[in-house]
Amino acid sequence: MNLFAEIRELVITCLDALVAEGRLPAGLNTGAVTVEPPRDAAHGDMATNAAMVLAKPSAMKPRDIAEALAEKLTADPRVDMAEVAGPGFLNLRLAPAVWQGIITAALTSDGFGRSDMGQGQKVNVEFVSANPTGPLHVGHTRGAVFGDALASLLDFAGWDVTREYYINDGGAQVDVLARSVYLRYLEAHGQEVAFPDGTYPGDYLIDTGKALKAKVGDAYIDQPEAVWLDDVRSFGTEAMMELIRIDLASLGVEMDLFYSEKSLYGTGLIEAAIKDLDSKGLIYKGKLEPPKGKVPEDWEPREQTLFKSTDFGDDVDRPIMKSDGSWTYFAPDIAYHYDKVQRGYDQLIDVFGADHGGYVKRMKAAVSALSGGKVPLDVKLAQLVKLYKDGEPFKMSKRAGKFITVRDVVDAVGKDVTRFHMLTRKNDAPLDFDFDKVTEQSKDNPVFYVQYAHARIASVLRKAVEAGIVVDDTTLAGADLSGLTHEAELKVAQKVAEFPRLIEIAARTNEPHRIAFYLYEMASEFHALWNRGNDDTSLRFLQDGDSSATQSKIALIRAVAVVISSGLGILGVTPADEMR
RNA sequence: GGUCCCGUAGCUCAACUGGAUAGAGCACCUCACUUCUAAUGAGGAUGUUGAAGGUUCGAGUCCUUCCGGGAUCACCA
């Protein structure tokens with residue numbers, strides 16, 4: 001239940017009543033009417049812009065509308081006060097019983113904050129999709145964490161979510177992998193090997209080379225590439241995907257589906273997808289102009305098979321077939337998205353690294369063309385992560401096979417810290433990741449701040465149990481909450497009430513980072529209330545000898561714990577019950 | 001040169017997709033633990049939101065043009 005939506009309903013009802021009484025003209029569009037928390041809490045609990053957005057269409061003064069509306073609203077028992085302010089805002093103060101009701105709702109509803117706004121629509125979230133040529137490195141971490149949290153968020157908001165990983169196992173890079181594994185295989189047989197340019201020199205392939213030796217013995221020694229390439233390629237790819245699965249698991253990411261690019265070949269799916277586009281008149285043979293301004297040195301016009309992506313907002317048409325007749329990378333990608341559309345998703349989301357930004361328009365164009373504009377594709381770019389250690393930038397070199405892996409990061413700072421920190425930035429803004437700062441256990445570090453709030457609540461609950469108070473949620477929800485009227489307590493309840501609304505905003509904008517910021521604010525409100533208890537003993541959660549008052553206060557902080565736990569759950573962070 | 005992203009307090013970032021006097025944390029100063037965990041809280045200062053125009057009741061947010069930073073740019077995936 002979203003309280004803001006509920007009050008908005010009330011506002012609309014009151015407007016309708018005014019229309020019925022002839023105090024407002026009929027036929028007004030109330031779509032732009034919003035009910036929001038005011039930026040400044042002093043203005044009240046909620047504010048509506050109704051008077052301002054309706055002033056022009058009704059040819060009335062905002063203040064007149066606002067005053068009439070205020071009169072109607074205050075007749076409702078939920079509204080204690082409605083006051084016209086500023087240019088025509090209507091500030092509302094709600095009855096304490098409303099906030100007390102929120103606490104009950106948080107304790108009794110199955111998944112407080114869950115929304116049905118997704119209406120069970122099927123959404124596919126594709127993320128990570130790193131090449132199967134080695135373990136995941138830090139660059140992939142952000143996309144992995146972001147995609148996973150976004151998927152959880154959409155699930156929480158009522159979508160039917162599939163988490164999917166596209167394995168790029170069909171291109172030249174897996175041949176490079178195969179050759180690199182082969183070198184490690186020779187090495188396992190005692191040969192001296194060198195890693196020329198265009199091979200992967202990383203240590204992680206040593207074991208793969210040994211494993212290959214264990215499997216095929218010396219069968220591939222001194223054999224031409226044609227003999228072993230296919231087998232070593234699939235052997236190597238399998239091994240790398242196994243590594244990647246482990247890396248993902250260490251981040252708490254579990255895919256529903258791994259989809260192989262290779263599986264697209266030879267099944268006719270690529271041909272079918274291209275044929276679909278061709279039937280829409282979007283495939284033609286032609287030559288592209290050189291890129292404007294900066295012509296590559298070896299540029300020469302070539303006749304290629306092109307997709308008319310400019311019809312869908314792209315800058316140039318894109319090649320799907322090389323001049324030698326083989327597919328470009330784009331072709332299987334079109335087929336893959338074609339398959340996703342065929343599988344009946346209502347909505348597709350791709351999470352790309354920032355270096356794939358140039359790919360967004362053509363992919364959107366393809367999906368738009370393939371689905372007849374019916375299936376929206378949203379592409380989220382995960383910007384780069386800059387690593388720091390001791391305040392110094394940390395460089396990686398893929399060339400030397402030296403790079404920081406996901407596991408290095410998780411081993412150093414832990415899954416929870418990694419995930420939370422990665423989610424404290426908008427996905428399209430660059431992010432600094434300082435190994436020293438993120439492990440610091442202080443207020444500087446939002447993870448610990450939020451965790452600490454949850455742990456404090458758990459601690460109070462333990463003390464309450466020792467004092468013989470019954471603290472299960474059902475009992476607490478049934479407790480008499482009418483004593484919770486102090487503004488400090490109501491403030492906390494109000495923050496709890498924002499959670500369902502926040503979930504819907506975060507889901508609508510595909511921005512899980514909003515949850516991280518909300519949780520920080522929620523924790524802050526809680527810590528503030530806790531410390532008020534130092535000065536004012538009536539605000540302490542455990543009230544000696546007054547089990548009824550204690551129960552109502554415990555109910556309040558249990559509601560906070562429910563929200564923190566639930567929000568952290570979406571981010572994939574474990575709520576802590578104690579921190580020692 | 002084209003395209004995309006970013007530019008907000010000394011630093012790191014928010015700002016509920018167009019709402020009120022642009023907010024937090026860090027750093028700096030003052031204060032609060034015989035108490036449910038001080039890993040916390042209360043208070044104090046900080047702004048031409050990169051610049052200039054435009055749209056309207058109202059702009060950090062939308063449009064245009066610049067400036068600065070990053071990413072990317074045809075037979076690479």
Side-chain angles (χ1 to χ4, degrees), chain A residues 4 32 34 36-40 43 47 49 52-53 55-56 62 85-89 91 131 133 168 170-174 176 261 287-296 299-302 304 306 314-316 318-319 321-326 328-330 332-333 353-361 381 383-384 424-426 428-430 432 434 437 440-446 448-449 451-453 455-457 459-464 467 498 501-502 504-506 508-509 511 513-514 517-518 520-521 524 527-535 537 540-542 557 578-580:
Chain A
F4 293 85
T34 60
E36 305 179 332
R39 198 170 267 181
D40 185 344
H43 289 137
N49 63 354
M52 281 182 294
V53 297
K56 203 171 213 179
F89 281 101
N91 293 325
N131 287 342
T133 54
N168 291 121
Q173 77 283 3
V174 281
V176 173
E261 176 194 353
K287 292 176 184 174
L288 287 176
E289 295 293 314
K292 288 197 172 63
K294 187 181 148 194
V295 181
W299 198 89
E300 58 183 55
R302 291 187 192 84
Q304 297 166 309
L306 300 166
D314 202 358
D315 309 306
V316 289
R318 304 292 177 176
M321 194 181 272
K322 304 173 193 171
S323 47
D324 68 2
S326 63
T328 65
Y329 172 77
F330 190 34
D333 232 1
D355 53 343
H356 284 63
Y359 209 67
V360 174
K361 280 186 181 176
L381 294 181
Q383 273 291 344
L384 303 181
T424 52
R425 280 306 102 88
K426 268 189 293 218
D428 49 7
D432 290 345
D434 188 317
K437 274 194 184 158
E440 199 177 331
Q441 302 204 0
S442 76
K443 198 177 162 187
D444 298 21
N445 193 334
F448 286 93
Y449 188 78
Q451 295 269 39
Y452 183 40
R456 270 183 154 175
I457 294 168
S459 167
V460 174
L461 287 168
R462 286 193 293 270
K463 297 274 182 186
E498 278 180 36
R501 177 171 180 269
L502 177 98
E504 295 190 346
I505 292 167
R508 189 174 63 238
T509 54
E511 291 181 341
H513 78 275
R514 289 175 189 274
F517 282 97
Y518 167 81
Y520 187 86
E521 290 165 13
S524 178
H527 287 310
L529 179 59
W530 175 293
N531 273 66
R532 291 283 290 264
N534 287 340
D535 301 327
T537 53
R540 295 190 189 176
F541 306 129
L542 300 177
I557 61 171
E578 62 180 350
M579 304 177 73
R580 298 222 178 243

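Chain letters run A, B, ... following the sequence lines, proteins first and then strands; every chain starts at 1.
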Student: At 4.0 Å (heavy atoms only), tell me whether A:P37 reaches a base, stays on the sugar-phosphate, or touches nothing.
Tutor: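 It contacts base atoms.
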Student: Would you compute the distance between atom CG of A:D333 and atom OH of A:Y359 and round it to the nearest 0.5 angstrom?
Tutor: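 OH of A:Y359 is found 4.0 Å from CG of A:D333.
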Student: Scan A:A354 against the nucleic acid and name what it touches under 4.0 Å (heavy atoms): base, sugar-phosphate only, or nothing.
Tutor: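 Since only primed, P, OP1 and OP2 atoms lie under 4.0 Å of A:A354, the category is sugar-phosphate.
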Student: Starting the side chain at C-beta, find the nucleotide from B:C5, B:A20, B:U37 nearest to A:Q383.
Tutor: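 Closest nucleotide to the A:Q383 side chain: B:C5.
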Student: Expressed as a whole number of angstroms, how long is the span from A:R462:CZ to B:U37:P?
Tutor: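 To the nearest whole Å, that distance equals 8 Å.
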Student: Using atom names, set out every protein N or O paired with an N or O of nucleotides 67-69 of chain B below 3.5 Å, distance rounded to 0.1 Å.
Tutor:
none

Student: Do A:F541 and A:I457 have side chains that get closer than 4.5 Å, going by heavy atoms?
Tutor: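 Result no, sub-4.5 Å side-chain heavy-atom pair not found.
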Student: Can you tell me how far apart CG (A:D428) and NE2 (A:H513) are? Round to the nearest 0.5 Å.
Tutor: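 Nearest 0.5 Å value for the CG-NE2 distance: 8.5 Å.
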Student: Closer than 4.0 Å, any side-chain N/O of A:W530 to the OP1 or OP2 of B:U37?
Tutor: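 So the side chain of A:W530 is outside the cut-off, no N or O lying under 4.0 Å from OP1 or OP2 of B:U37.
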Student: How far does the P atom of B:U3 sit from the matching atom of B:G25, given to the nearest Å?
Tutor: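 Going atom to atom, P in each nucleotide, I get 41 Å.
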Student: Could you give the OH-to-C1' distance, from A:Y518 to B:A15, as a whole number of Å?
Tutor: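 Nearest whole value for this atom pair: 17 Å.
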Student: How would you label the contact of A:E504 with the nucleic acid (heavy atoms, under 4.0 Å): base, sugar-phosphate, or nothing?
Tutor: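 Counting heavy atoms under 4.0 Å across all strands, no contact is made by A:E504.
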Student: Quick check: on RNA chain B, is the nucleotide nearest A:N91 upstream (toward 5') of the one nearest A:R318, or the reverse? Name the residue that is more 5'.
Tutor: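 Its nearest nucleotide lies further toward 5', so the answer is A:N91.
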Student: With RNA chain B as reference, determine whether A:F541 or A:H527 sits nearer its 5' end, using the nearest nucleotide of each.
Tutor: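 The residue closer to the strand's 5' end, by nearest nucleotide, is A:F541.
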Student: Would you compute the distance between atom CG of A:N131 and atom CD of A:Q173 and round it to the nearest 0.5 angstrom?
Tutor: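 Going from the CG atom of A:N131 to the CD atom of A:Q173 covers 4.5 Å.
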Student: Looking only at side-chain atoms of A:K463, point me to the closest of B:U37, B:A15, B:G41.
Tutor: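 The answer is B:U37, which lies nearest to the side chain.
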Student: For a quick test of reading the model: is some side-chain N or O of A:S459 closer than 4.0 Å to OP1 or OP2 of B:U37?
Tutor: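 Yes, within the criterion.
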Student: Round to a whole Å and report the spacing from NE2 of A:H43 to P of B:C16.
Tutor: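 Going from NE2 in A:H43 over to P in B:C16 covers 17 Å.
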Student: Tell me if B:U8 is syn or anti. Syn = glycosidic torsion within 90° of 0, anti otherwise.
Tutor: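 Anti.
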Student: Would you say A:I505 and A:R501 make side-chain contact, with heavy atoms under 4.5 Å?
Tutor: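 Yes, close enough: below the 4.5 Å cut-off.
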Student: Atom CD1 of A:I457 to atom P of B:U37: distance rounded to whole Å?
Tutor: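 Those two atoms, CD1 and P, are 12 Å apart.
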Student: Taking the side chain of A:E36 as its heavy atoms from C-beta onward, which of B:C76, B:U17, B:G25 lies nearest to it?
Tutor: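 For the A:E36 side chain, the nearest candidate turns out to be B:U17.
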Student: The test is side chain to side chain contact (heavy atoms under 4.5 Å, CB included); show your working for A:Y520 and A:T424 and say whether it passes.
Tutor: CA-CA 10 Å; A:Y520 187 86; A:T424 52; over 6 Å; no
Student: Verify, without hydrogens or angle tests, whether A:H527 (side chain) and A:Y449 (backbone) share a donor-acceptor contact under 3.5 angstrom.
Tutor: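 Looks like yes, one N/O pair under 3.5 Å.
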Student: Under the 5.5 Å and 30° test, is A:F89 stacked on the base of B:A20?
Tutor: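 The ring of A:F89 is stacked on B:A20.
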Student: Let's test your reading of the pairing rules: Watson-Crick or G-U wobble, both distances under 3.5 Å, then write RNA chain B as a dot-bracket string with ( ), [ ], | and dots.
Tutor: (((((((..((((.....[...)))).(((((.......))))).....(((((..]....))))))))))))....
Student: Checking A:D314 side chain against A:K361 main chain: does a donor-acceptor pair fall under 3.5 Å?
Tutor: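 Between the backbone of A:K361 and the side chain of A:D314 there is no qualifying donor-acceptor contact (under 3.5 Å).
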Student: Restricting to ring-ring contact (aromatic ring centres under 6.0 Å, His included), what partner residues turn up for A:H43, sequence neighbours left out?
Tutor: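 ring-ring contact (aromatic ring centres under 6.0 Å, His included) check on A:H43 returns nothing, list empty.
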Student: Among B:U17, B:A42, B:A77, which nucleotide sits nearest the side chain of A:H356?
Tutor: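 Nearest to the side-chain atoms of A:H356, counting from C-beta on, is B:A77.
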Student: With no angle test and no hydrogens, is the base of B:C36 tied to the side chain of A:R456 by a donor-acceptor pair under 3.5 Å?
Tutor: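 Side chain to base: no pair present.
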Student: Which part of the nucleic acid does A:A506 contact within heavy-atom distance under 4.0 Å: base, sugar-phosphate only, or nothing?
Tutor: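 Nothing, no heavy atom under 4.0 Å.
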Student: Taking the minimum atom-to-atom distance to the side chain of A:E261, which one of B:U40, B:C13, B:A77 wins?
Tutor: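 Closest nucleotide among those given: B:A77.
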Student: Assign A:R532 to base, sugar-phosphate, or nothing according to its heavy-atom contacts below 4.0 angstrom with the strands shown.
Tutor: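 No contact.
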Student: Phosphate oxygens OP1/OP2 of B:A15: is one of them under 4.0 Å from a side-chain N or O of A:R514?
Tutor: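 Result: yes.
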Student: Kindly compute the distance separating CD (A:E504) from OG1 (A:T509), expressed to the nearest 0.5 Å.
Tutor: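 A:E504 atom CD to A:T509 atom OG1 measures 11.5 Å (nearest 0.5 Å).
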Student: Under the ring-ring contact (aromatic ring centres under 6.0 Å, His included) test, which residues partner A:F89, sequence neighbours left out?
Tutor: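 Partners of A:F89 by the ring-ring contact (aromatic ring centres under 6.0 Å, His included) criterion come out as none, since no residue qualifies.
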Student: With a 4.5 Å heavy-atom cut-off, do A:V316 and A:E289 have their side chains touching?
Tutor: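 The answer is no; the side chains never approach within 4.5 Å.
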Student: Does B:C36 have OP1 or OP2 sitting under 4.0 Å from an N or O in the side chain of A:Y452?
Tutor: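 Checking B:C36 against A:Y452, no side-chain N or O comes under 4.0 Å of OP1 or OP2.
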Student: Could you list all N or O pairs between the protein and nucleotides 28-32 of chain B that sit under 3.5 Å apart?
Tutor:
none

Student: Is there a side chain to side chain contact (heavy atoms under 4.5 Å, CB included) between A:K426 and A:Q383 once you walk through the steps?
Tutor: CA-CA 9 Å; A:K426 268 189 293 218; A:Q383 273 291 344; over 6 Å; no
Student: Output the rounded distance in Å from CG (A:D428) to C1' (B:U72).
Tutor: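 Value for this atom pair: 16 Å.
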Student: Would you confirm whether A:E498, through its side chain, and A:Y518, through its main-chain N or O, come within 3.5 Å as a donor-acceptor pair?
Tutor: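 Judged by distance alone, no pair lies under 3.5 Å.
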Student: Find the distance between CG (A:L542) and CG (A:L461) and round it off to the nearest 0.5 Å.
Tutor: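 A:L542 CG to A:L461 CG: 9.0 Å, rounded to 0.5 Å.
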Student: For A:Y359 and B:C5, what is the distance between atoms OH and P respectively, to the nearest whole Å?
Tutor: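 It works out to 19 Å between those atoms.
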Student: Answer with base, sugar-phosphate or nothing: what part of the nucleic acid does A:A464 contact at a heavy-atom distance below 4.0 Å?
Tutor: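 Counting heavy atoms under 4.0 Å across all strands, no contact is made by A:A464.
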Student: Within the sub-3.5 Å range, which N or O atoms of nucleotides 55-58 of chain B have a protein N or O partner, and how far apart are they?
Tutor:
{"from": "B:C57", "atom 1": "OP1", "to": "A:K56", "atom 2": "NZ", "distance (Å)": "2.4"}
{"from": "B:C57", "atom 1": "OP2", "to": "A:K56", "atom 2": "NZ", "distance (Å)": "3.4"}

Student: From the list B:C36, B:C4, B:U17, which nucleotide is the closest neighbour of the side chain of A:V460?
Tutor: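 Selected nucleotide (nearest to the side chain): B:C36.
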Student: Can you tell me the distance, in whole Å, between the NZ atom of A:K426 and the P atom of B:U12?
Tutor: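 After rounding, the reported distance stands at 15 Å.
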Student: A:A85 side chain: which of B:C75, B:A20, B:C4 is closest?
Tutor: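 Nearest nucleotide to the side chain: B:A20.
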Student: So how far is it from A:R456 CZ to A:I557 CD1, rounded to the nearest 0.5 Å?
Tutor: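 Taking CZ in A:R456 and CD1 in A:I557, the distance rounds to 11.0 Å.
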Student: Establish, yes or no, whether the cationic atom of A:R318 lies under 6.0 Å from the six-membered ring centre of A:F330 and within 45° of the ring axis.
Tutor: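 Not satisfied by the 6.0 Å and 45° rule.
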Student: Between B:G18 atom P and A:N49 atom CG, what is the distance in whole Å?
Tutor: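 Those two atoms, CG and P, are 12 Å apart.
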